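All of these numbers come straight from a predicted model, not from anything done at the bench. Position 1 is the first residue of the sequence; numbering continues from there.
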Amino acid sequence: MPSHAMRSLPEALYSADAVRHMDRYLIDDCGVDGFELMQAAARAAFRQLVRRWPEAGPVLVLCGAGNNGGDGYLVAAHARRHGLTVECLAATPTDRLSGDARKAWQQAVADGVPVRPLTTLDTAALTETFSRAAVIVDALLGTGTTGAPRPPFDDLIQRCNARQVPVLAVDVPSGLDASTGATPGDVIRATVTVTFIARKAGLYTGQGPAVCGDIEFADLDTGHDPQTGGPAPLAHLLHLGRAGAWLPPRPANAHKGRFGHVLVVAGDRGMGGAGLMAAEAAVRSGAGLVSLATRPEHVSGALARCPSVMVHGIIHGSELAPLLNKASVVVCGPGIGQLAWGQQMLQQVLASDKPRVLDADALNLMANLVAVVSEQQVLTPHPGEAARLLNLTVAEVEADRVAAARKLQSLYGGVVLLKGAGTVVASSQGVAIVAGSNPGMATGGMGDVLSGVAGALCGQIQDLHQATVLAACAHLAAADHASRHRGYMGLAPTDVIEALPEVFRRLETDRHRPESGHDDHGQ
């Protein structure tokens, strides 16, 4: 996904309701004029329009009702005054507009913007209107809408996406739930989204990363802090530069005993690669010692691939106790299967008092057990595994990823990392969303790598929440680094493993530099 350099941005992410509360606070309590606030939003959106497409051909602004539509009319007025060819398509009859939205429409008309009411256009005329557009501004549905867009908005969204021209979304792409990142129906696929007042959680998780494009934030510079006395953040958006500060620097007299002994319990018959990738990822993420407990038939291959890992062939769960005693953190689940061997391995791990990272089949097995609560465990489910643990459908998990992660954390304790674009990490400390996504990671084995990274960092950082967030950030950054050389298609988990040392090298180098900003995609 493309990225761009940005100034330092607030980490706090809010629900749509919380942002509406802030908006009312600015107007009702701080005395900020609502129309001036709308004008400031329109200016911010227009600046992005001309910055991205300075020689834009005909601009079509899709305007709904309410403040979002008002923003659109004012963007069109700016474009007209700037000398651009622009027209508005009024999805809501203009005689139904009221308040600031009506004033914005009147301003656009006064500035000479052609406004075409949707109700006056037949199918051919509507098709022609879209065909003229070289850039489309989406100001149809704001943050207050939930559920699938209804007619005529669904048809306009479909036509916008079919046009395949750049799209600038005002505040949020129409059809995206600004709180959850869910898309229950049609949704605008934006090139750029300019969002205002505060950052909305739904833009950064779920479908948000896929439909928002580049995200620009404008606080509108009202002279007041809209978050004063307002609702608490839903989550915090974290990136590698921020989370990397939690990794302790290595002193000159460092030795392996200071950086954790990770035991990876993984790899039933036919799945030996899963455990090996987790173990090698732990090595590449700075673990002092790494052991792998796996089926005996995988030992020789594992040693050939990664001789720095101490590999043990295990037939029965009773053989695991001596290895558990020596470990400081355990990774259990990759490729253990759901048969007797995997069940024995998981039972031994759960019975120990070691900090543990549980992934893959360990989670599938746990779905059939009474919840084992521990503050010393990290669960790393993908949406399917989360659905089994919560007895929900995958669609229900994806409809509100933050709520699903919180529910898992309340059931199992410790830390929960819900994988996917905009990875969610929930613990008693709160919720973090990891900035970014990488489509090349949509392949088997990436989760095994993540569990190894998490295990290694849990052995080096005492705070499991911090260790887990950093693991997700480093995992994504390694995938981004590998993708720049190999592309997305065919990106292998081993490519990500090979990139991990470079990610941690950059962290160490950047530790000695003043922070220069970050981008919303974590690269």
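- The distance from the CZ atom of Phe196 to the CG atom of Leu220 is 6.5 Å, given to the nearest 0.5 Å.
- We find that Glu502 and Arg505 are joined by a salt bridge, their nearest charged nitrogen and carboxylate oxygen being less than 4.0 Å apart.
- Under a cutoff of 6.0 Å and an axis angle of 45°, Arg199 and Tyr14 do not form a cation-pi pair.
- Checked for salt-bridge contact, Asp400 and Lys407 miss the test: no charged N lies under 4.0 Å from a carboxylate O.
- The CD1 atom of Ile197 sits 8.0 Å away from atom CG of Asp219, with the distance rounded to the nearest 0.5 Å.
- Summarising the geometry of Arg284 relative to Ile497, their closest heavy-atom pair is CG-CG2, 3.6 Å, with the distance given to 0.1 Å.
- Every residue meeting the side chain to side chain donor-acceptor pair (under 3.5 Å) condition with Thr393, not counting sequence neighbours, appears here in chain and number order: Glu396.
- Gln48 and Arg51 share a donor-acceptor pair across their side chains, judged by distance under 3.5 Å alone.
- With hydrogens and angles left out, the side-chain atoms of Thr195 and Asp171 include a donor and acceptor closer than 3.5 Å.
- Gln429 is linked by a side-chain contact (heavy atoms from CB on, under 4.5 Å) to Ser427, Asp463, His465, counting only residues two or more places apart in sequence or in another chain.
- Residues forming a side-chain contact (heavy atoms from CB on, under 4.5 Å) with Ser308 (at least two apart in sequence, or on another chain): Val283, Cys306.
- Scanning both residues, Pro383 and Arg401, for their nearest heavy atoms gives CG-NH1, 4.1 Å.
- Annotation for Gly337 and Asp268: closest pair N-CB, 4.4 Å, computed over non-hydrogen atoms.
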